[in-house]
Amino acid sequence: MQSRKERIEIGALIAEIVGAIAVVISVIYLAVQIAEGNKELRSQSHYNALSLGQRPFEIELENAELARIISTGYVEPGSLSAEEWYRFEQYQVMAFNAWEYYYYEHGKDAIPEQLWIGANAYYHQNLVTKPGLARFWEEYRHIYAEPFRSYVEDILASAEPVK
């Protein structure tokens, strides 16, 4: 027959085993919850990126005069009046803010790689082919911090001159 001390020791060992199993189950549960939370955050970042990137297009599509200004500003920025250039610049601030958001979210792996590749290609192509964007960047690059500023400037520096 077991002594009272032995029964207490066995009970303590069983309690420790049960406690260890409970800790392992809790850690697994937390890991699953964190993984699900990360998926939700990535999904929200994707949605935010799309919303931010689409907003300038929505504004342009809703306003024919602004669309004309943007179209002209891309190709012949010097032909815009001071007021029109101001509107072009403010539109580009929104567009470049979207690109900057994509840039930083991509760096954190918070948006899908495919979204970054497509968005970056769009902004990159516009930057190197539209003289109005080079002028915009020259006037507004100071509002963007590093490393995004250097990223854009490297694109411009490596691009062939726009004709």
Side-chain angles (χ1 to χ4, degrees), residues 24-163:
V24 169
I25 291 170
S26 295
V27 168
I28 291 170
Y29 175 76
L30 288 173
V32 168
Q33 291 298 99
I34 289 170
E36 289 300 315
N38 286 341
K39 285 180 189 176
E40 288 298 318
L41 287 173
R42 281 181 53 89
S43 178
Q44 186 62 49
S45 291
H46 188 174
Y47 176 79
N48 292 345
L50 289 175
S51 296
L52 189 61
Q54 285 179 221
R55 186 64 186 135
F57 296 121
E58 292 170 3
I59 293 169
E60 183 180 2
L61 291 172
E62 293 169 355
N63 186 323
E65 177 61 13
L66 179 60
R68 182 196 64 76
I69 290 169
I70 293 165
S71 179
T72 303
Y74 280 147
V75 181
E76 299 173 6
S79 69
L80 296 176
S81 70
E83 179 184 285
E84 291 171 330
W85 180 249
Y86 175 78
R87 291 184 75 192
F88 178 85
E89 291 172 320
Q90 298 313 301
Y91 175 87
Q92 295 310 326
V93 167
M94 287 191 309
F96 273 72
N97 284 349
W99 190 13
E100 181 184 38
Y101 181 81
Y102 291 135
Y103 175 83
Y104 288 116
E105 292 302 293
H106 172 258
K108 297 186 297 187
D109 291 328
I111 59 173
E113 182 70 16
Q114 299 87 340
L115 178 60
W116 164 248
I117 290 169
N120 189 56
Y122 171 80
Y123 291 110
H124 182 283
Q125 182 67 20
N126 279 348
L127 182 65
V128 299
T129 61
K130 302 195 181 315
L133 288 181
R135 177 179 165 190
F136 163 79
W137 185 255
E138 183 64 30
E139 294 177 13
Y140 277 81
R141 68 178 175 215
H142 65 279
I143 69 172
Y144 297 95
E146 293 296 339
F148 179 71
R149 183 185 320 153
S150 289
Y151 178 74
V152 173
E153 290 181 353
D154 288 347
I155 290 170
L156 283 169
S158 65
E160 302 221 359
V162 178
K163 296 175 183 170

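Note that the structure is a prediction, hence the values are computed from the model and not measured.
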Inset, instruction - Report the residues that fulfil ring-ring contact (aromatic ring centres under 6.0 Å, His included) with Trp116, sequence neighbours left out, ordered by chain and then residue number. - result: His106
Legend entry - salt bridge (Lys or Arg N to Asp or Glu O under 4.0 Å) partners of Arg135, counting only residues at least two apart: Glu139
Legend entry - Atom pair CG (Asn120) and CG (Leu115), whose distance is rounded to the nearest 0.5 Å: 10.5 Å
Legend entry - Validation row: Glu153, Trp137 side chains within 4.5 angstrom (heavy atoms): yes
Inset, instruction - Using the salt bridge (Lys or Arg N to Asp or Glu O under 4.0 Å) rule, collect all pairs that involve residues 59-71, keeping only residues at least two apart or in two chains. - result: Glu65-Arg68, Arg68-Glu84
Inset, instruction - Taking the side chain as every heavy atom from C-beta outward, state whether Arg87 and Leu66 have any pair of such atoms under 4.5 Å apart. - result: yes
Inset, instruction - Over all heavy atoms of both residues, which pair between Ala98 and Tyr123 is shortest? Give the atoms and the distance, please. - result: CB-OH, 3.5 Å
Inset, instruction - Return each pair, listed once, that meets ring-ring contact (aromatic ring centres under 6.0 Å, His included) where at least one residue sits in residues 48-68; pairs must be two or more places apart or across chains. - result: Phe57-Tyr122
Inset, instruction - Decide yes or no for Thr129 and Tyr74: does some side-chain heavy atom of the first lie under 4.5 Å from some side-chain heavy atom of the second? - result: no
Legend entry - Heavy-atom pair of closest approach, residues Ile70 and Phe88: O-CE1, 3.6 Å
Inset, instruction - Taking all heavy atoms of Val75 and all of Pro131, pick out the closest pair and write down the distance. - result: O-CG, 3.9 Å
Legend entry - Point-to-point distance, once rounded to the nearest 0.5 Å, from CD1 of Ile69 to OH of Tyr86: 12.5 Å
Legend entry - Flag for Asn63-Tyr91: side-chain donor and acceptor within less than 3.5 Å: no
Legend entry - Atom pair CG/NE2 of Leu127 and His124 - distance to nearest 0.5 Å: 7.5 Å
Legend entry - For Gly132 against Pro77, the heavy-atom pair lying closest together: CA-CG, 3.7 Å
Inset, instruction - Please assess Leu133 against Gln92 for the test side chain to side chain contact (heavy atoms under 4.5 Å, CB included), listing each intermediate value before the final yes or no. - result: CA-CA 8 Å; Leu133 288 181; Gln92 295 310 326; 3.2 Å; yes
Inset, instruction - Test side chain to side chain contact (heavy atoms under 4.5 Å, CB included) on Ile111 and Tyr104 and set out the steps. - result: CA-CA 10 Å; Ile111 59 173; Tyr104 288 116; over 6 Å; no
Inset, instruction - List the steps, then state whether ring-ring contact (aromatic ring centres under 6.0 Å, His included) holds for Tyr102 with Trp99. - result: CA-CA 5 Å; Tyr102 291 135; Trp99 190 13; 9.3 Å; no
Inset, instruction - With sequence neighbours left out, write down each residue that passes side chain to side chain donor-acceptor pair (under 3.5 Å) with Tyr140, or none if nothing qualifies. - result: Glu89, Gln90
Legend entry - Those residues that, when tested against Arg149, pass salt bridge (Lys or Arg N to Asp or Glu O under 4.0 Å) (two or more places apart): none
Inset, instruction - Check for a donor-acceptor pair, side chain of Ser158 on one end and backbone N or O of Ile155 on the other, with a separation under 3.5 Å. - result: yes
Legend entry - Side-chain heavy-atom pair Asn97, Glu100 within 4.5 angstrom cut-off: yes
